[in-house]
Amino acid sequence: MKILIAAAEAVPFSSSGGLGDVVGSLPAAIKGCMTKNDEIRVVLPLHKSTKEKFWDKMTFIKKTEVSLAWRKQYCGIYELKHNNVSYYFIDNEYYFKRQELYGNYDDAERYAFFCKAVLEFMRETDYYPNLLHANDWHTALSVVYLKCIYNRYPEYQNIKALYTIHNVDYQGIYDFSIVGDVFDLAGCDRKILEYDGKINLTKAAIVCADKVSTVSERYSRELLYEYFSKSLYHIIQRYSFKMCGIVNGIDTDYYNPAKDSAVFKKYDAKNANGKKDCKKNFQQEYGLEVKENKPVVAVISRLASHKGMDLIKCVFNEMVSEDIQFVLLGKGEAEYEAFFRNEMYKNRPNVRIILDYDKELSKKIYSASDIFLMPSKSEPCGLAQMIASRYGAVPLVREVGGLADTIKPYDPMDEETNGFSFKNYNAHDMLNTLKFALSVYRRQDEWKKLVKTCMNKDFSWDRSAKKYIALYKEIIGE
């Protein structure tokens, strides 16, 4: 079995969120479960940030040209081994020498080029996989190109395609005026590409893929409802026979407080005393009152409406009056940045707002926190609640998507319970659940037991990797 994973980002090379974490750790987990005759490779854009950090470690494979409509663009192919997996990088500075991974005016052209390059990569390296595993809208066109253009060549005809939706909010929607000039799909059946009068790349990938997966079992079921599937409701309903869900895992070596050099003092579930030092040092460094028994409630999130920021805004004053310390790390939509910036300027001694994205700082916050708040309106899977658990910060989540799949609401009689949760998207339901969590926190013997359960919870990729291998085999007919 030969697998090729295509994605726009992967830790440690480039990342803007959960997609990068998944593609940085899942392939190694799959490789560890494969037989010696199986092979898995990953192909990524060679982003500016990747080149700056890893250029001297890469091996040049070859250069070629990629045709995209009337263009013929340079394409360099480089390789780097990471966690025993071969990662390949598509080099073109015109498209990928940018400060940001996304958000450029020409993203449609940039990722159309990348998707074409993925198919050409197979030819240039003589690596024709049994299955192409494409992730999110940035690679949706690789599935479309495979099934609509490259299937005319014999070497591509037996390649199956799996398309994974990491977040249906981002679909790749464009005007039909660029179908030929940018996407090189003038001859493609309009019915494949069109949705609601426009090109919808996610819709096209769903139609063309042999199977469609999501990043948690619950999310795959939620997408069958209009509330969660946004404008794609009718398409997902029509192709529901293709849908399945496999919950994400995390890299338990990278997120390991017993080995993590980013935290103030290392600790583990057997001896979590180091967590007290992490809390104390964080309080000192960020100007919080140094009090061991004052609970730290943390939010590490993109500041977006679907992340539940409206709930936090609604009851913020009531929350911070609960004798807690509140720490937020994140950036995003202007409305929420402005709100939290205003709260920061109020100079509250027990509130710290850090409008930034900093992976090393996030690990310090996880290690210093007692409760991790994640009140999402929708959450395909979520990784932060699993990372928080790893560091002994007890998750408080809304029962939605992967949050419901990974966090079992608190019950002192249940040894598997590993957090707190609330059902309705309601600010006071969230606040009341926080108050309940704080009441448990005050019973320290009970709380320490809960923290130990959280830290011991297996959120590794092992189980999910085996499910992916079973899915791959199902799709290719092994």
Side-chain angles (χ1 to χ4, degrees), residues 3 5-33 40 42 44 82-83 85 133-139 162-170 211-223 228 243-256 300-302 306-307 359 362-363 366 372 374 376 378-391 393 395 397-408 418-419 421 454 457-472:
I3 307 298
I5 294 178
E9 58 182 81
V11 170
F13 309 113
S14 55
S15 178
S16 66
L19 173 62
D21 279 307
V22 170
V23 183
S25 52
L26 173 60
I30 292 173
K31 176 82 171 177
C33 298
I40 185 166
V42 183
L44 305 163
H82 174 62
N83 289 340
V85 174
H133 182 177
N135 293 270
D136 263 352
W137 75 265
H138 328 95
T139 56
L162 169 65
Y163 180 65
T164 296
I165 299 172
H166 292 260
N167 191 334
V168 80
D169 285 356
Y170 307 102
K211 199 82 174 176
V212 178
S213 70
T214 66
V215 289
S216 70
E217 293 175 14
R218 176 146 173 168
Y219 191 56
S220 69
R221 297 192 301 270
E222 287 176 345
L223 287 180
F228 290 99
M243 300 289 294
C244 65
I246 299 175
V247 71
N248 283 337
I250 58 172
D251 185 337
T252 52
D253 287 327
Y254 181 74
Y255 295 110
N256 184 357
I300 301 173
S301 175
R302 187 165 65 255
H306 72 272
K307 291 293 185 179
K359 217 164 187 66
S362 72
K363 291 158 95 176
Y366 286 126
F372 184 78
M374 201 168 176
S376 303
S378 64
E379 194 65 62
C381 179
L383 300 177
Q385 80 280 13
M386 297 186 247
I387 300 168
S389 296
R390 188 89 171 125
Y391 286 79
V397 304
R398 181 166 171 255
E399 294 174 21
V400 66
L403 301 180
D405 283 345
T406 55
I407 303 302
K408 195 170 185 180
N418 65 327
S421 65
C454 288
K457 181 73 174 177
D458 182 9
F459 286 126
S460 70
W461 273 108
D462 294 347
R463 188 182 305 171
S464 297
K466 291 173 183 175
K467 289 184 178 181
Y468 269 107
I469 290 175
L471 178 60
Y472 292 160

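Numbers here are sequence positions counted from 1.
- Between A388 and Y366 the shortest heavy-atom distance is CA-CD2, 3.7 Å.
- Atoms CG and CD1, on N256 and I387 in that order, are 12.5 Å from each other to the nearest 0.5 Å.
- For D136 (side chain) and I165 (main-chain N/O), no donor-acceptor pair under 3.5 Å exists by modelled atom type.
- Looking at heavy atoms from C-beta onward, L471 lies in side-chain contact with I246 at the 4.5 angstrom threshold.
- A side-chain donor-acceptor contact under 3.5 Å links D458 to the backbone of S460.
- Annotation: the span from S376 atom OG to Q385 atom CD amounts to 8.0 Å, rounded to 0.5 Å.
- For Y254, there are no side-chain hydrogen bond (donor to acceptor under 3.5 Å, both in side chains) partners, not counting sequence neighbours.
- A donor-acceptor pair under 3.5 Å is absent between the side-chain atoms of R398 and the main chain of L403, judged by distance alone.
- Panel note: side chain S220, backbone M243; no donor-acceptor pair is recorded below 3.5 Å.
- Taking the charged nitrogens against the carboxylate oxygens, K307 and E379 do have a contact shorter than 4.0 Å, which makes a salt bridge.
- In this pair, H133 and Y472 present their aromatic rings perpendicular. The plane angle is above 60°, beyond the 30 to 60° band.
- Residues I250 and N248 have side chains not in contact (no heavy-atom distance under 4.5 Å, counting atoms from C-beta outward).
- Using cut-offs of 30° and 60° for the angle between ring planes, the Y468 and W461 rings count as tilted.
- Residues N418 and C454 approach most closely at O-SG, 3.4 Å, considering heavy atoms.
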Side chain to side chain contact (heavy atoms under 4.5 Å, CB included) between L19 and H138, intermediate numbers included: CA-CA 11 Å; L19 173 62; H138 328 95; 4.0 Å; yes
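- Residue S25 holds its OG atom at 8.5 Å from CG of N83, rounded to the nearest 0.5 Å.
- E222 places no side-chain N or O within donor-acceptor distance of the main-chain N or O of F228, the cut-off being under 3.5 Å.
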Chi angles and distances behind the side-chain hydrogen bond (donor to acceptor under 3.5 Å, both in side chains) call for Y255, D21: CA-CA 11 Å; Y255 295 110; D21 279 307; 3.2 Å; yes
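- Scanning all heavy atoms of the two residues, the minimum distance from A404 to R218 falls at CB-NH1, 3.4 Å.
- In this structure, the side chain of N135 does not engage the main chain of H166 through any donor-acceptor pair within 3.5 Å.
- By the 4.5 Å heavy-atom criterion applied to side chains, V247 and V215 are not counted as neighbours.
- Using a 4.5 Å heavy-atom cutoff, the side chains of H306 and N167 are in contact.
- Under a cut-off of 6.0 angstrom, the local environment of NZ in K466 is sparse, with at most 12 non-hydrogen atoms contributed by other residues, nucleotides or ligands.
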Please tabulate, one pair per line, all N/O donor-acceptor pairs under 3.5 Å involving side-chain atoms of residues 11-18, not counting sequence neighbours.
| from | atom 1 | to | atom 2 | distance (Å) |
| --- | --- | --- | --- | --- |
| S15 | OG | G17 | N | 3.4 |
| S15 | OG | G17 | O | 3.3 |
| S16 | OG | E9 | OE1 | 2.9 |

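- Counting heavy atoms from C-beta outward, P395 and S389 have side chains that approach closer than 4.5 Å.
- At least one donor-acceptor pair under 3.5 Å links the side chain of D405 to the backbone N or O of E217.
- What you find for V400 and S378 is that their closest heavy atoms are CG2-CA, 4.1 Å.
- Put simply, OG1 on T406 and NZ on K457 are 8.5 Å apart, with the number rounded to the nearest 0.5 Å.
- Closest non-hydrogen pair, A465 versus L26, comes out as CA-CD1, 4.5 Å.
- Taking CZ of F459 as the reference point, atom CE of M386 lies at 6.5 Å (rounded to 0.5 Å).
- Of the possible polar contacts, one joining the D251 side chain to the D253 backbone as a donor-acceptor pair under 3.5 Å is found.
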Working for side chain to side chain contact (heavy atoms under 4.5 Å, CB included), residues T164 and T214: CA-CA 5 Å; T164 296; T214 66; 6.0 Å; no
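- Contact of the I30 side chain with the I469 side chain is registered, since non-hydrogen atoms from C-beta on lie closer than 4.5 Å.
- Y163 pairs by the ring pair (Phe, Tyr, Trp, His ring centres under 6.0 Å) definition with nothing, not counting sequence neighbours.
- Across S421 and E399, no two heavy atoms sit closer than the pair OG-OE2, 2.7 Å.
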